[in-house]
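Order of the sequence lines sets the chain letters (A, B, ...), proteins ahead of strands, with each chain counted from 1.
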Protein chains: 2
Amino acid sequence: MAKPTAKERILDSYEEILIEQGPGGVTLDAVAAHAGVSKGGLLYHFGSKEALVEGLMERLATLSEADLKEAQKAPEGVVSWYLRTAITDVTERKALHRTTMATLRIMLNEPRVSEVVQVYNQKVHDLISEHVDDSLTAELVILVGDGLYLRAALGRDDASPLLDRIDEIKARIAR
Amino acid sequence: MAKPTAKERILDSYEEILIEQGPGGVTLDAVAAHAGVSKGGLLYHFGSKEALVEGLMERLATLSEADLKEAQKAPEGVVSWYLRTAITDVTERKALHRTTMATLRIMLNEPRVSEVVQVYNQKVHDLISEHVDDSLTAELVILVGDGLYLRAALGRDDASPLLDRIDEIKARIAR
DNA sequence: GTCTATAGGACGATAGAC
DNA sequence: GTCTATCGTCCTATAGAC
């Protein structure tokens with residue numbers, strides 16, 4: 001990781017500032033300074049603030065797709081994988097988690113973001129549905145997973161004790 | 001509701017702009033214009049942008065407390081109430097929902113906000129715990145509720161079919 | 001209690017040199 | 001591909017009239 005391209009560094013910096021300071025902290029000056037380029041340099045790679053959002057969404061889509069492939073290969077099964085990674089996300093899916101946390105800061109008011117997130121959510125839903133017996137079970141798995149994720153997003157890492165009880169949770173949820 | 005005070009109207013407008021346009025859309029000019037007062041008029045009631053956040057948090061605390069009392073009186077029981085209102089929040093807890101949606105826009109990067117939300121979350125947790133038999137059940141009730149709430153926040157109202165299956169959900173979750 | 005006017009600063013984006 | 005310099009806009013907050 002000695003020399004990521006300037007474009008990558010700029011996107012990294014955009015994520016970082018989004019996470020640390022929120023949308024209000026994102027100025028072209030701040031992102032450029034953090035990435036070690038000038039404002040003009042930044043604007044060569046991303047011609048506007050909107051282009052930064054686009055760049056973040058492309059990264060999110062790429063990482064999400066890779067993550068989905070990972071899920072399908074999981075030896076523990078898709079359901080356990082989904083619940084487990086919702087808890088251990090921070091440590092295990094570092095890049096995706098980071099991009100997701102950055103995305104969360106702008107999600108509610110950027111239509112383009114909602115689209116990308118929705119597409120991925122639907123794919124997860126379909127994948128889970130294929131691996132459980134009825135629709136209510138699928139719903140509950142996803143709801144519990146989302147609840148766990150919300151905790152992580154709000155900075156509460158008190159979900160880790162649940163890690164040892166995933167089988168128990170599955171047993172209760174599944175018909 | 002003919003004539004709310006100017007202060008209330010300003011807070012209403014602040015919520016509205018936060019929900020519609022996000023933090024970036026909140027300018028003193030925009031809030032003042034929406035509330036039908038001048039910028040000077042706004043600044044008499046709320047001396048700074050930070051004071052608007054404070055005002056929103058006071059409103060959130062007040063509405064949350066009232067909501068919690070409502071929960072304790074619910075004839076259906078606290079658990080069913082919690083799951084049901086997570087689904088029907090938009091229609092039934094209008095004022096609180098609106099304030100919560102506005103709060104969501106600034107939550108992740110305003111420390112003062114996280115505090116208020118955390119306090120209320122803890123009270124809900126304690127209340128649920130009192131009404132179920134074991135801690136895992138309490139966790140699952142809250143996680144499913146949070147998952148449902150996340151859907152509402154993301155604008156997906158596809159949770160309504162679950163409204164008829166609350167008893168079924170409870171039966172699966174509870175030991 | 002609400003207004004206008006304005007000071008003073010920060011921001012996004014452009015133009016053009018290297 | 002990256003830089004400096006700058007323009008025009010928009011913002012928060014203050015001062016003081018009504």
Side-chain angles (χ1 to χ4, degrees), chain A residues 1-59 102-103 105-113, chain B residues 1-59 102-103 105-113:
Chain A
M1 75 185 237
K3 275 269 171 184
T5 65
K7 192 164 180 176
E8 288 298 311
R9 284 207 322 276
I10 291 168
L11 217 42
D12 289 343
S13 300
Y14 176 51
E15 284 186 356
E16 172 112 356
I17 295 173
L18 221 34
I19 292 169
E20 294 297 324
Q21 311 182 42
V26 175
T27 65
L28 299 187
D29 273 316
V31 175
H34 191 279
V37 298
S38 71
K39 208 193 308 198
L42 186 160
L43 285 165
Y44 170 78
H45 294 289
F46 298 95
S48 71
K49 230 175 163 181
E50 184 58 29
L52 279 172
V53 178
E54 277 302 315
L56 186 64
M57 287 309 95
E58 280 174 32
R59 178 179 275 189
T103 303
R105 315 292 156 139
I106 53 172
M107 181 148 48
L108 295 171
N109 292 98
E110 295 270 0
R112 175 87 182 82
V113 174
Chain B
M1 76 183 234
K3 276 270 170 183
T5 65
K7 193 163 179 176
E8 287 298 312
R9 286 207 320 277
I10 291 168
L11 218 41
D12 290 343
S13 300
Y14 176 51
E15 284 186 356
E16 173 110 358
I17 295 173
L18 222 34
I19 292 170
E20 294 296 324
Q21 310 182 40
V26 175
T27 66
L28 300 186
D29 272 317
V31 175
H34 191 278
V37 298
S38 72
K39 207 195 304 199
L42 186 160
L43 285 165
Y44 170 77
H45 293 289
F46 298 95
S48 71
K49 233 176 162 180
E50 184 58 29
L52 278 172
V53 178
E54 277 301 315
L56 186 65
M57 287 308 94
E58 281 173 32
R59 178 179 275 189
T103 303
R105 316 291 156 139
I106 53 173
M107 180 147 51
L108 295 170
N109 292 98
E110 295 269 0
R112 176 88 183 81
V113 174

S.K.: How close do B:Leu52 and B:Leu28 get, counting heavy atoms only, and between which atoms?
M.R.: CD1-CD2, 4.4 Å
S.K.: Taking only nitrogen or oxygen atoms into account, show me every contact under 3.5 Å that the protein makes with nucleotides 1-3 of chain D, one pair per line with its distance.
M.R.:
from	atom 1	to	atom 2	distance (Å)
D:dG1	OP2	A:Tyr44	OH	2.5
D:dT2	OP2	A:His45	NE2	2.4
D:dC3	OP2	A:Ser38	N	2.5
D:dC3	OP2	A:Ser38	OG	3.0
D:dC3	O5'	A:Ser38	OG	3.4

S.K.: Taking only residues at least two apart or on different chains, which pairs with a member in residues 21-30 of chain A satisfy side-chain hydrogen bond (donor to acceptor under 3.5 Å, both in side chains)?
M.R.: A:Asp29-A:Lys39
S.K.: Starting from the C-alpha separation in whole Å, work towards a yes-or-no answer on salt bridge (charged side-chain N to carboxylate O under 4.0 Å, His left out) for B:Arg9 and B:Glu16.
M.R.: CA-CA 10 Å; B:Arg9 286 207 320 277; B:Glu16 173 110 358; over 6 Å; no
S.K.: Taking CG from B:Leu28 and P from D:dT12, how many angstroms apart are they, rounded to a whole number?
M.R.: 4 Å
S.K.: How many whole angstroms separate atom CZ of A:Phe46 from atom P of C:dA13?
M.R.: 14 Å
S.K.: Would you indicate what A:Val26 reaches in the nucleic acid, counting non-hydrogen atoms under 4.0 angstrom: base, sugar-phosphate, or nothing?
M.R.: sugar-phosphate
S.K.: Any side-chain heavy-atom pair from A:Thr103 and A:Glu110 closer than 4.5 angstrom?
M.R.: no
S.K.: What's the CD-P distance between B:Glu50 and D:dT12, to the nearest Å?
M.R.: 13 Å
S.K.: Measure the distance from NZ on B:Lys49 to C1' on D:dT14 and round it to the nearest whole Å.
M.R.: 17 Å
S.K.: Could you tell me which non-hydrogen atom of A:Ile19 sits nearest to which non-hydrogen atom of A:Arg105, and how far apart they are?
M.R.: O-NH1, 3.2 Å
S.K.: Quickly work out the B:Asp29 CG to D:dT9 P distance and round it to whole Å.
M.R.: 16 Å
S.K.: Could you give the side-chain donor-acceptor pairs of residues 41-49 of chain B under 3.5 Å, partners two or more places apart or in another chain?
M.R.:
from	atom 1	to	atom 2	distance (Å)
B:Ser48	OG	B:Glu50	N	3.3
B:Ser48	OG	B:Ala51	N	3.3
B:Lys49	NZ	B:Val26	O	3.0

